[in-house]
Amino acid sequence: MSNDPWGRPITRRSLIQRGAGLALGASAVGGLAACGVGSQKASTQATEKVVKAQVDGNLVYFNYSEYIDPGVLKAFEKHYNVKVTQAYYDGMAGMMSKLNSGNVYDVIFPSAEYLDRLRKANRLLKIDHSQLRNVNQALEFSPYFANPWYDPGAAHSVPYTMYTTGIGWRSDKIGETLTGSWADLWNEKAKGKIFVLDDYQEALGMGNLRNGFDLNTTDSGQLSKTKQLLIGQKPLLRGYSTDTVTNMTNGSAWIHHIWNGDIVNVRNQVKNPEVFKFETAKEGIPIGSDTFAIPTNAAHPGTALLFIDWMLQPENAAKNIEYIGYPMPNKDGYSAFSGLVKEQPSINVTVEQLQAANKYQFRDLPQADLQLWNDTWTAVKAA
Amino acid sequence: MKEFDRPRFLILVTVLFYVLLFAPILVVALFSFNSTKSLAVFQGFSLRWYREFFNDASLRSSLVASLEISAVTMILATFLGTTLAFGLVRAQVRVSPVANILMLVPLVTPEIVAGVSALLLFTQFNVKLSLLTVMLAQTTFSISYVTVVVRARLAALNREQEDAAMDLGATRLGALRLVTLPALWPAILSSGLLVFALTFDDFVLSFFTSGVSPQPLPVRIYSAIRFGIRPTINAVGTFMLLISLLIIGLAIALPWLLGDRRAGFRLITGDEG
Amino acid sequence: MTASRFWARFLLPGGLWLLLLFAVPLGLTVAVSFGTTNELGLPIYGWHPENYKHVFDPLFVPVLWRSVLYAALTTLFCLLLGYPVAYTIARFGGRWKNVLIVAVVLPFFVNYLVRTYAWVTILSDDGLLNHILGSIGLSSVRFLNTPFAVIGGLTYGYLAFMILPVYAALDRMDPALIEAGKDLYGTPSRTFWHVTWPTTFQGVLGGCVLVFLPAVGDFVSAQLLGGPNTFMVGNLIQQQFYEGQNWPFGSALTIVMMAFLMVWMVFYLRSAARAAREAAA
């Protein structure tokens with residue numbers, strides 16, 4: 001390759017010249033092309049689409065893994081003779097990323113603050129309550145859910161679960177009790193066996209709470225302190241992960257930053273459930289709710305409505321609660337949760353707590369603050 | 001002529017190397033036949049994971065999707081790469097050096113750069129991610145493999161036969177069809193099969209450019225690894241190995257069968273013979 | 001029409017395709033790298049060169065440096081392990097040469113993920129290796145989630161790329177050269193350094209390039225085998241596109257990494273061109 005096809009010797013200069021010319025030309029084309037394209041805010045028109053609850057194709061389901069009873073899902077498939085394609089995300093940020101890539105899903109499960117964001121951006125279909133026979137199971141569970149702060153009139157969502165974030169641990173590895181504080185995630189005895197949730201909100205929120213700051217603080221000084229705190233924690237960590245159930249069941253985790261229901265899921269799968277425990281922290285814990293929602297570009301919104309209705313049926317809700325371990329706001333199905341609470345009182349979360357816990361719910365942040373949070377988290381991960 | 005005494009040290013290193021090289025493959029294959037979920041202790045022979053693999057509709061559709069993508073990519077890349085090779089070897093025009101660079105850069109572009117730029121292309125022009133976008137992206141980064149292989153062979157070809165054909169009245173295209181292409185055929189075919197195998201196994205590019213469903217098999221595997229390790233993956237991996245082996249076997253065997261005995265191995269060793 | 005013009009047309013299909021689907025996207029990446037994000041995390045175009053400054057933020061420099069370091073170590077290990085193996089096959093393989101070389105490439109065709117995942121299962125705390133250690137009375141060692149696991153995984157993934165070019169160079173070498181060298185230099189090691197190594201140097205260089213370049217941008221090994229302290233630039237880029245929701249910054253990182261690698265590529269091409277000229281002279 002010493003001469004180019006034209007017989008001239010290839011020198012570094014000529015290569016660079018040609019390469020630069022190509023790059024510049026490509027950039028120019030790319031830039032020009034980009035000028036005509038860009039992201040425009042979606043109109044409200046798309047959200048108003050009228051949808052009837054009927055089978056209009058197979059369901060594309062997008063959720064955390066291990067966050068629904070596979071039996072209930074299969075029963076849905078059988079009952080309506082449809083197939084459910086399951087896609088998973090490992091956090092809200094991941095979900096947004098896939099949505100932004102233009103992927104099309106029929107039903108998604110955003111947390112409250114993300115629902116707020118999606119709703120404001122006109123990315124969610126209005127849900128006609130009359131289409132859901134069991135909708136009152138959820139909306140009449142509490143006035144809170146009939147008109148939640150993140151979705152006035154519950155126009156674009158139906159509540160799925162309530163949750164809290166705490167610490168899960170194995171009493172057979174590090175003792176019967178811990179200190180009941182977030183500091184337990186810095187437990188030296190479990191060095192190398194600790195996981196923190198790979199979720200920028202949960203991780204930074206936890207740091208904020210340990211530092212005594214507001215959960216949702218946007219003060220750059222405070223976030224910087226939280227960043228230092230979390231970076232200091234890294235030598236003790238095994239990793240960041242939202243795959244809590246797997247990590248606890250396969251022995252990699254002795255202490256795990258975890259959501260309350262997951263510990264029930266773990267206990268259902270191991271041979272020695274009594275050693276897996278859950279605690280909340282005295283500095284305060286995040287408390288929130290997840291929802292069902294249908295994106296405006298869903299290809300099969302009718303089936304999605306049927307699916308939501310199916311999950312709201314009390315018998316299905318009860319079964320689901322027993323599998324995933326989280327309480328679903330469901331008038332007749334909720335009692336299944338009480339049984340779980342008896343075994344492990346610390347996992348309890350009630351709608352009264354949810355209503356009262358204003359400071360401890362994650363909120364949708366303005367773009368600039370969101371960027372700050374993302375940058376802080378990236379810094380923690382990269383350190 | 002006395003060779004070096006077979007240095008025992010070198011032989012030892014080489015043996016160790018092969019052991020290390022094949023250890024994970026053997027583990028994957030072995031545990032794909034394990035009767036229990038365990039990934040550490042082999043407890044008995046069973047085909048249950050293969051059964052789970054073939055019974056899992058989404059894994060099956062991923063397998064089919066991967067095969068489709070690889071087949072289409074192979075055909076497209078072979079055509080585009082071969083024509084490009086002809087242009088680069090035989091045309092002496094001003095754009096040739098530019099085309100040459102354009103062809104070489106994808107070869108050294110890290111996969112993640114490829115994935116990112118392809119993702120941006122599709123999203124910014126509002127093209128929905130799907131099997132089609134995967135095929136487009138995979139083809140783009142496969143063309144260069146074909147061009148490099150075919151070009152080497154083409155440059156080494158003796159042009160006397162072609163010239164003779166044209167003297168006897170054939171058009172340039174005719175000579176191409178009757179003389180050149182048959183001589184090039186082993187190279188074209190084997191590079192095409194190489195593209196097939198590489199595309200079938202590719203992960204990063206597919207990860208960035210695939211839509212919701214069906215996902216190519218490697219992306220599905222990644223999902224399964226991230227969200228709950230299942231022993232079924234071992235069955236999938238072993239199966240993919242077998243398919244790739246088949247394709248590579250074909251890539252080596254076909255030129256040999258078609259008369260060019262050493263082309264297959266040369267393809268692997270990268271010799272430009 | 002002249003022969004050249006006839007053949008020039010053949011440049012069109014492939015050339016146009018590459019232009020539209022390779023060059024333009026790269027241009028788009030450059031364009032996005034100067035942009036910023038809207039409230040949903042989608043990129044909007046603009047002029048924000050500070051994205052590039054951000055790439056060299058003291059926070060991220062360790063990540064960049066770490067990627068280069070891991071890739072360099074990977075290249076070194078590939079060389080240390082790969083050269084002897086290639087040498088053994090080329091010089092002592094005999095009739096089995098071709099089989100041995102194909103055997104080197106074979107594992108490469110098991111999906112990279114599956115191979116890496118196999119190492120996860122072998123190296124994990126409850127995995128095969130620790131099981132063996134336990135059965136002979138040793139306590140379990142933490143192999144996984146360490147920098148060593150990542151570098152090991154990278155080395156394993158790219159070994160074939162080193163062995164093949166080195167093997168090709170060794171195979172092409174005239175054995176008479178070594179004989180002559182032995183006569184001249186006496187000991188095997190001096191013969192190696194003065195004859196074999198220089199002759200195969202271009203092959204070695206090619207192998208290094210084929211390992212180093214992709215290794216810098218790798219993210220799978222670090223993600224599956226690494227821990228919280230093994231973040232590489234590939235992970236950073238992937239993170240910015242996946243959860244970080246900052247496509248412009250991710251694009252800037254991508255372009256910077258690409259530019260860095262291009263420098264090495266140009267260096268390699270010049271060296272190869274020079275060697276070819278000298279060989280022809």
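Letters A, B, ... are given to chains in the order of the sequence lines, protein chains preceding strands, and every chain is numbered from 1. Keep in mind that what you see is a predicted model, and the values were worked out from it rather than measured.
Side-chain N/O atoms of B:E111 and C:Y112 include no donor and acceptor closer than 3.5 Å. Using a 3.5 Å distance cut-off with no hydrogens or angles, the side chains of B:T139 and C:W17 do not pair a donor with an acceptor.
C:L21 touches chain B through backbone and side chain together, each having a heavy atom under 4.5 Å away. Using a 4.5 Å cut-off between heavy atoms, B:L242 does not touch chain C at all. Proximity to chain B is absent for every atom of C:L210, based on heavy atoms less than 4.5 angstrom apart. For B:I143, the part lying near chain C is the side chain, with the backbone staying farther off; criterion is any non-hydrogen pair under 4.5 Å. At a 4.5 Å heavy-atom cutoff, the contact between C:Q223 and chain B is made by side-chain atoms alone. Only the side chain of B:V204 comes within less than 4.5 Å of a heavy atom of chain C; its backbone N, CA, C and O stay farther away. For C:L224, the part lying under 4.5 angstrom from a heavy atom of chain B is the side chain only. Of the atoms belonging to C:V220, it is side-chain heavy atoms, and not backbone ones, that fall under 4.5 Å from chain B. For a residue to count as touching a neighbouring chain, one of its non-hydrogen atoms must lie under 4.5 Å from one of that chain's; by this rule C:I163 touches chain B with the side chain only. Within the 4.5 angstrom heavy-atom criterion, atoms from both the backbone and the side chain of C:F22 approach chain B. Proximity to chain B (any heavy atom under 4.5 Å) is shown, for C:A103, by both the backbone and the side chain. Proximity to chain B is limited to the side chain of C:L159, based on heavy atoms less than 4.5 angstrom apart. Heavy-atom distances place no part of B:L217 under 4.5 Å from chain C, backbone and side chain included.
Among B:P106, B:G237, B:G115, the residue with the largest count of heavy-atom pairs under 4.5 Å with chain C is B:P106. Heavy-atom pairs under 4.5 Å with chain C peak, among B:F17, B:F141, B:F207, at B:F17. Comparing B:V113, B:V95, B:L21, B:V236 by heavy-atom pairs within less than 4.5 Å of chain C, the highest count is held by B:L21. Listed options C:I132, C:V209, C:V114 were ranked by heavy-atom pairs under 4.5 angstrom with chain B; first place goes to C:V114. Per-residue heavy-atom pair counts under 4.5 Å with chain C were compared for B:V146, B:L80, B:D201, B:V28, and the maximum is reached by B:D201. Per-residue heavy-atom pair counts under 4.5 Å with chain C were compared for B:T82, B:I243, B:V15, B:L20, and the maximum is reached by B:L20. Of the residues considered (B:V89, B:I112, B:L173, B:V13), B:I112 shows the highest number of contacts with chain C, using heavy-atom pairs under 4.5 Å.
If you run side chain to side chain contact (heavy atoms under 4.5 Å, CB included) between B:L120 and each of C:T254, C:V30, C:V32, only C:V32 comes through.
Of all non-hydrogen atoms in C:L11 and B:V93, the two that sit nearest each other are CD1-CG2, 4.0 Å.
Environment of OH in B:Y145: sparse, with no more than 12 heavy atoms of neighbouring residues, nucleotides or ligands closer than 6.0 Å. Counting non-hydrogen atoms of neighbouring residues, nucleotides and ligands closer than 6.0 angstrom, the CZ atom of B:F79 reaches no more than 12 such neighbours. Counting non-hydrogen atoms of other residues, nucleotides and ligands closer than 6.0 Å to CZ of B:F22 gives a total above 12.
In this structure, C:F241 and B:F208 have perpendicular ring planes: the angle between them is above 60°, well past the 30° mark. Using bins of under 30°, 30° to 60° and over 60° for the plane-to-plane angle, the ring pair C:W7/B:F86 lands in the parallel bin.
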Discussion item. Could you walk me through whether C:F6 and B:R90 satisfy the side chain to side chain contact (heavy atoms under 4.5 Å, CB included) test, starting with their C-alpha distance in whole Å, then the side-chain angles of each, then the deciding distance to 0.1 Å, before giving a yes or no?
Written reply: CA-CA 9 Å; C:F6 172 74; B:R90 300 206 167 166; over 6 Å; no
